[in-house]
Amino acid sequence: MKSRARFEVVSSDDEPLILVDEQDREVGTLDKQSCHDGAGALHRAFSLFVFNARGDTLLQRRHASKRLWPGYWSNGCCSHPRHGEVLEEAVIRRAHQELGLTVVPEFLFKFQYQASFGDTGSEFELCSVFVSHGASAPRVNEAEIAEWRWISRNELDREMEAAPDSFTPWLKIEWQRLTTEFLARIQPT
């Protein structure tokens, strides 16, 4: 399903990311490109899962221009806060920039992961995971998103089992935790 309304570049390789230690204490900043070179530098990030009234989650296929995992399916929105920006504010900002949605983010958990995309680079993130409920159809930013779709929990589980290499590594980690540890928080009320 496609619904494109905008084409706005909302981040760049020279954008400063917040470097953190394993306890999420800020230790400096580094440009986005350098944070993703080699094995990566540990930096602060977030993921947002957007659910509609039926309880389906929004998936996006990452734009072909993305350095890491281009063309892979991922959760509704994932990005980085700016220096001095509260995480919830960053989630709201990026959901609007990427999806054209106004969200009310609810924090669920934080985790650290590192994943390499061949020789192209790596993600090394301390990632806070949020959910938001009751969304309508997005107006996606086509500079960020190639396509999008709503998917039920059972269908996403089936697709991830059948074709795990079609999905970003962080989506697979986060979805597993959402559907085991936080199921009551992601089901429609």
Side-chain angles (χ1 to χ4, degrees), residues 1-3 20 22-24 40 42-63 66 68-81 87-117 122-138 140 144-189:
M1 176 182 294
K2 293 186 180 181
S3 175
V20 294
E22 293 187 354
Q23 286 72 45
D24 200 18
L42 184 59
H43 58 279
R44 188 173 289 155
F46 65 83
S47 278
L48 172 66
F49 285 81
V50 177
F51 294 91
N52 64 19
R54 290 188 315 265
D56 298 333
T57 192
L58 179 68
L59 289 187
Q60 62 148 294
R61 186 183 298 267
R62 292 170 56 82
H63 194 275
K66 294 286 188 183
L68 302 175
W69 290 275
Y72 284 66
W73 286 100
S74 197
N75 54 295
C77 180
C78 36
S79 189
H80 312 95
L87 265 170
E88 287 79 3
E89 293 171 350
V91 173
I92 291 167
R93 173 180 53 83
R94 285 301 287 219
H96 180 71
Q97 290 173 331
E98 288 189 28
L99 304 170
L101 294 176
T102 300
V103 298
V104 178
E106 175 188 353
F107 173 78
L108 293 186
F109 65 94
K110 185 187 303 185
F111 75 108
Q112 181 180 315
Y113 77 100
Q114 186 172 24
S116 295
F117 188 65
S122 299
E123 286 287 7
F124 188 22
E125 295 183 332
L126 189 58
C127 187
S128 293
V129 179
F130 294 83
V131 295
S132 184
H133 297 276
S136 58
V140 302
E144 296 288 326
I145 298 171
E147 68 183 287
W148 65 273
R149 62 188 166 129
W150 294 109
I151 189 167
S152 71
R153 187 179 84 227
N154 291 337
E155 185 60 29
L156 181 52
D157 289 342
R158 281 192 291 274
E159 286 188 22
M160 284 182 152
E161 186 175 328
D165 293 339
S166 299
F167 299 92
T168 59
W170 58 90
L171 170 64
K172 292 185 279 190
I173 295 166
E174 294 164 359
W175 187 248
Q176 191 276 328
R177 286 198 62 188
L178 282 174
T179 58
T180 57
E181 297 174 43
F182 299 95
L183 189 57
R185 306 270 290 278
I186 66 171
Q187 293 180 330
T189 54

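Among pairs with a residue in residues 163-174, none fulfils salt bridge (charged side-chain N to carboxylate O under 4.0 Å, His left out), at least two apart in sequence or across chains. A salt bridge (charged side-chain N to carboxylate O under 4.0 Å, His left out) check over residues 122-131, counting only residues at least two apart or in different chains, returns nothing.
Considering only residues two or more places apart in sequence or on other chains, Thr102 meets the side chain to side chain contact (heavy atoms under 4.5 Å, CB included) condition with none of them. Under the salt bridge (Lys or Arg N to Asp or Glu O under 4.0 Å) criterion, Glu89 pairs with no residue, sequence neighbours left out. Residues meeting the side chain to side chain contact (heavy atoms under 4.5 Å, CB included) test with Arg177, sequence neighbours left out: Phe109, Phe111, Glu181, Phe182. Looking at residues two or more places apart in sequence or on another chain, you find a side-chain hydrogen bond (donor to acceptor under 3.5 Å, both in side chains) between Ser116 and Ser122. Among residues two or more places apart in sequence or in another chain, the side chain to side chain contact (heavy atoms under 4.5 Å, CB included) test is passed with Phe117 by Leu68, Trp69, Pro70, Tyr72, Thr120. Remark: Asp24 engages Arg44, Lys110 in a salt bridge (Lys or Arg N to Asp or Glu O under 4.0 Å) (not counting sequence neighbours). Evaluation of the side-chain hydrogen bond (donor to acceptor under 3.5 Å, both in side chains) rule for Glu159 yields Arg149 as partners, not counting sequence neighbours. Applying the side-chain hydrogen bond (donor to acceptor under 3.5 Å, both in side chains) criterion to Trp175, with sequence neighbours excluded, gives Asp157. With sequence neighbours excluded, no residue forms a side-chain hydrogen bond (donor to acceptor under 3.5 Å, both in side chains) with Glu161.
Residues Ser47 and Cys78 approach most closely at OG-CB, 3.7 Å, considering heavy atoms. Between Arg61 and Gly71, the shortest heavy-atom contact is NH1-O, 2.9 Å. Among all heavy-atom pairs drawn from Thr168 and Ser74, the shortest one is OG1-OG, 3.0 Å. Nearest heavy-atom pair across Ala146 and Arg62 is CB-O, 4.0 Å.
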Just distance, no hydrogens or angles: give the donor-acceptor pairs under 3.5 Å from side chains in residues 130-137, sequence neighbours left out.
from: Ser132; atom 1: OG; to: Val104; atom 2: N; distance (Å): 3.2
from: Ser132; atom 1: OG; to: Val104; atom 2: O; distance (Å): 3.4
from: His133; atom 1: NE2; to: Arg185; atom 2: O; distance (Å): 2.9

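Between the CD atom of Glu106 and the CZ atom of Phe49 there is a distance of 13.5 Å, given to the nearest 0.5 Å. Between the OG1 atom of Thr179 and the CG atom of Asn154 there is a distance of 10.0 Å, given to the nearest 0.5 Å. Between the CD atom of Gln187 and the CZ atom of Arg153 there is a distance of 5.5 Å, given to the nearest 0.5 Å. Atoms CG and CG, from Asp56 and Leu156 in turn, are 10.5 Å apart once rounded to the nearest 0.5 Å. One distance of note links CH2 of Trp170 with SG of Cys127; it measures 9.5 Å at 0.5 Å rounding. Taken to the nearest 0.5 Å, the CZ atom of Arg93 stands 9.5 Å off from the CD atom of Glu98.
Side-chain contact between Ile186 and Thr57 is absent, with no heavy atoms from C-beta onward closer than 4.5 Å. Proximity of Asn52 to Leu58: side-chain heavy atoms (C-beta onward) are nowhere separated by under 4.5 Å. With a 4.5 Å cut-off on side-chain heavy atoms, Cys77 and Val91 do not count as touching. No side-chain heavy atom of Gln60 sits less than 4.5 Å from a side-chain heavy atom of Glu144.
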Practice item. Take Leu171 and Leu59 through the side-chain contact (heavy atoms from CB on, under 4.5 Å) test and state the conclusion after the steps. Key: CA-CA 10 Å; Leu171 170 64; Leu59 289 187; 4.2 Å; yes
